[in-house]
Asker: 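Let me begin by handing over the structure; questions about it come next.
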Amino acid sequence: MTSVAVPVLWDSLARTGDAAAEILSTADAKTHLRIDGPDEDVYVAALVKAARMAIEEWTSRATTNQTWVMTLDAFPDEDEIRLPRPPLSSVTTLQYVDGAGATQTWSSANYTVVTRDTPGRIRLAYGVTWPATREQPDAVTITYVAGYGAAASSVPAPLVHAARLVLGDLYGLREAGIVGTVHAANPAVDALLAPYIVRMH
């Protein structure tokens, strides 16, 4: 996999459905941390989620399937819309506000969903043009699912292991820092994540 720098503009991007599963189980996390017993299970589970979200923010990707909503003030001049947080799994709805102010759901027959690219795209079908929208903020709303799959086993191994290393750092350093010390970045995490980083601007 390679990083792809592509121009994309959106007015709002929000995760509305959290990841279908964490990429590390509590048992896997405890094995990595060498923890015996259940006393810290709740704390470890919280760190697992934090590590997964850190990996997603770092790479600008989704791991296991999650729902995102992107809004635009208008349809683009181009014949495609690139969707952040790859990999794209599916597009749920494409809605727009028409000239009369009514919200319309555009038929999926009017566009093709391209999931193989990074990032995924919505492309106009042959001979189709974007519909006219009212001139207002957030006139276009796209709801879609991003992620490698519903199960942790679908996520690439480098992302999963990077999450383990981040988890270890979070568990080993529970405070913001100690005066007079310097905490170096983890080069292994950088190496694992570098091929997966997506820059969209």
Asker: From the options R85, K49, R15, R61, select the one residue that forms a salt bridge (Lys or Arg N to Asp or Glu O under 4.0 Å) with E56.
Answerer: R15

Asker: Take R164 and D28 through the test salt bridge (charged side-chain N to carboxylate O under 4.0 Å, His left out) and record every step on the way to the result.
Answerer: CA-CA 9 Å; R164 288 192 186 99; D28 185 16; 3.0 Å; yes

Asker: What's the shortest heavy-atom distance between L170 and A51, and which atoms?
Answerer: CD1-N, 4.1 Å

Asker: Determine whether L83 and W68 make a side-chain contact, defined as any pair of heavy atoms from C-beta on separated by less than 4.5 Å.
Answerer: no

Asker: Kindly indicate whether the side chain of S153, heavy atoms from C-beta on, has any atom under 4.5 Å from the side chain of Y148.
Answerer: no

Asker: For the pair W106 and V128, evaluate side chain to side chain contact (heavy atoms under 4.5 Å, CB included) and give the outcome as yes or no after the intermediate values.
Answerer: CA-CA 12 Å; W106 214 35; V128 176; 3.7 Å; yes

Asker: Would T133 and V97 count as a side chain to side chain contact (heavy atoms under 4.5 Å, CB included) here? Give the steps.
Answerer: CA-CA 6 Å; T133 61; V97 180; 5.7 Å; no

Asker: How long is the straight-line distance from CG of L94 back to OG1 of T141, given to the nearest 0.5 Å?
Answerer: 8.5 Å

Asker: Are R121 and D79 ion-paired here, with the side-chain N under 4.0 Å from a carboxylate O?
Answerer: no

Asker: Relative to the ring of F75, is the ring of W130 parallel (under 30°), tilted (30 to 60°) or perpendicular (over 60°)?
Answerer: parallel

Asker: Is a donor on one side and an acceptor on the other found under 3.5 Å between the side chain of D98 and the backbone of G101?
Answerer: yes

Asker: Nearest 0.5 angstrom please: M70 CE to I122 CD1, how far?
Answerer: 7.0 Å

Asker: Flag yes if M53 and I197 sit in one hydrophobic cluster, no otherwise; membership is Ile, Leu, Val, Met, Phe, Trp, Tyr, and two members link when side-chain heavy atoms are under 4.5 Å apart.
Answerer: no

Asker: When you measure from the side chain of N65 to the backbone N and O of G149, does any donor-acceptor pair fall under 3.5 Å?
Answerer: yes

Asker: For residues L33 and G168, report the shortest heavy-atom separation together with the two atoms involved.
Answerer: CD2-CA, 3.8 Å

Asker: Within the distance-only criterion (no hydrogens, no angle test), does the side chain of S107 pair as donor or acceptor with the backbone N or O of A109 below 3.5 angstrom?
Answerer: yes

Asker: Do D36 and K30 pass the salt bridge (charged side-chain N to carboxylate O under 4.0 Å, His left out) test, and can you show the C-alpha distance, the side-chain angles, and the key distance before you say yes or no?
Answerer: CA-CA 7 Å; D36 294 321; K30 289 170 66 177; over 6 Å; no

Asker: Of all heavy-atom pairs between G147 and S89, which one has the smallest distance, and what is that distance?
Answerer: O-CB, 4.1 Å

Asker: How many angstroms lie between OG1 in T93 and CD in Q104, if you round to the nearest 0.5 Å?
Answerer: 13.0 Å

Asker: Is there side-chain contact between Q66 and D18, with heavy atoms separated by less than 4.5 Å?
Answerer: no

Asker: Taking all heavy atoms of A20 and all of T64, pick out the closest pair and write down the distance.
Answerer: N-OG1, 3.5 Å

Asker: Answer whether the closest heavy-atom distance between the side chains of I142 and I81 falls below 4.5 Å.
Answerer: yes

Asker: Within this structure, what is the CD1-CZ distance for the pair I23 and R52, rounded to the nearest 0.5 Å?
Answerer: 7.5 Å

Asker: For Q136, I'd like to know if atom CD has over 12 heavy atoms of other residues, nucleotides or ligands within 6.0 Å.
Answerer: yes

Asker: Which residue is it: V155, L192, L159? I am looking for the one with a side-chain contact (heavy atoms from CB on, under 4.5 Å) to I55.
Answerer: L159

Asker: Please round to the nearest 0.5 Å and tell me the distance separating atom CD of Q95 and atom OG1 of T143.
Answerer: 6.0 Å

Asker: Evaluate the side-chain proximity of Y96 to T103: yes if any heavy-atom separation is below 4.5 Å, no if none is.
Answerer: no

Asker: State the OH-CG distance between Y111 and L124, to the nearest 0.5 angstrom.
Answerer: 11.0 Å

Asker: Please tell me if the side chains of V140 and T71 come closer than 4.5 Å, counting only heavy atoms from C-beta onward.
Answerer: no

Asker: For residues P158 and Y196, report the shortest heavy-atom separation together with the two atoms involved.
Answerer: CG-OH, 3.6 Å

Asker: Do V160 and L24 make a side-chain contact, defined as non-hydrogen atoms from C-beta onward lying under 4.5 Å apart?
Answerer: yes

Asker: My understanding is that only one of V42, V44, T31 makes a side-chain contact (heavy atoms from CB on, under 4.5 Å) with T26; could you say which?
Answerer: V44

Asker: Ignoring hydrogens, what is the shortest heavy-atom contact between P86 and P119? Give both atom names and the distance.
Answerer: CB-CA, 4.1 Å

